[in-house]
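Read through the structure below, which is laid out as structure tokens, and then see the notes.
If you're wondering where the values come from, they're calculated on a predicted model, not measured in any experiment.
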Amino acid sequence: MGFLITTLIFAVVGIIASLLVRICCNRTPSTNLLHLTLVITAVVCCWMMWAIVYLAQMKPLIVPILSEGE
């Protein structure tokens with residue numbers, strides 16, 4: 001449930017950021033495309049980093065070993 005909700009939050013943030021770039025930085029078409037590409041790339045990279053960290057906690061590669069005293 002948390003994965004889906006946070007993914008939707010990242011999608012909404014990406015859409016809002018894309019709209020803000022279109023409104024605030026309206027210049028030549030090539031510059032607009034560059035700005036939009038940078039925003040989308042940044043949002044996707046942040047989402048991927050979050051998703052990898054989130055999913056790595058679900059199935060850890062190294063299993064903790066408890067000692068007898070604990």
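Rounded to the nearest 0.5 angstrom, Ser18 OG and Ile23 CD1 are separated by 11.0 Å. Taken to the nearest 0.5 Å, the CG atom of Leu34 stands 4.5 Å off from the CG atom of Leu38. The SG atom of Cys24 sits 10.5 Å away from the CG atom of Leu19 when rounded to the nearest 0.5 Å. Rounding to the nearest 0.5 Å places OG1 of Thr41 at 9.0 Å from CG of Leu36. Note that the CG atom of Leu20 and the CD1 atom of Ile15 stand 12.0 Å from one another [nearest 0.5 Å]. Note that the OG1 atom of Thr6 and the CE atom of Met1 stand 10.5 Å from one another [nearest 0.5 Å].
Listed here is the closest heavy atom pair of Asn32 and Arg22: CB-NH1, 4.0 Å. Counting all heavy atoms, side chain and backbone alike, Ala51 lies closest to Phe3 at CB-CE1, 3.8 Å.
When hydrophobic clusters are built by joining Ile, Leu, Val, Met, Phe, Trp and Tyr residues whose side-chain heavy atoms come closer than 4.5 Å, directly or via intermediates, Trp47 is not grouped with Val53. Cluster annotation: Val13 is connected to Ile5 through the hydrophobic network of ILVMFWY side chains, with a link wherever side-chain heavy atoms come within less than 4.5 Å. Grouping the Ile, Leu, Val, Met, Phe, Trp and Tyr side chains by contacts below 4.5 angstrom, directly or via other members, places Ile16 apart from Val43.
Using bins of under 30°, 30° to 60° and over 60° for the plane-to-plane angle, the ring pair Phe10/Trp50 lands in the tilted bin.
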Walk me through it: do Lys59 and Leu55 pass the test side-chain contact (heavy atoms from CB on, under 4.5 Å)? CA-CA 7 Å; Lys59 292 276 188 175; Leu55 293 174; over 6 Å; no
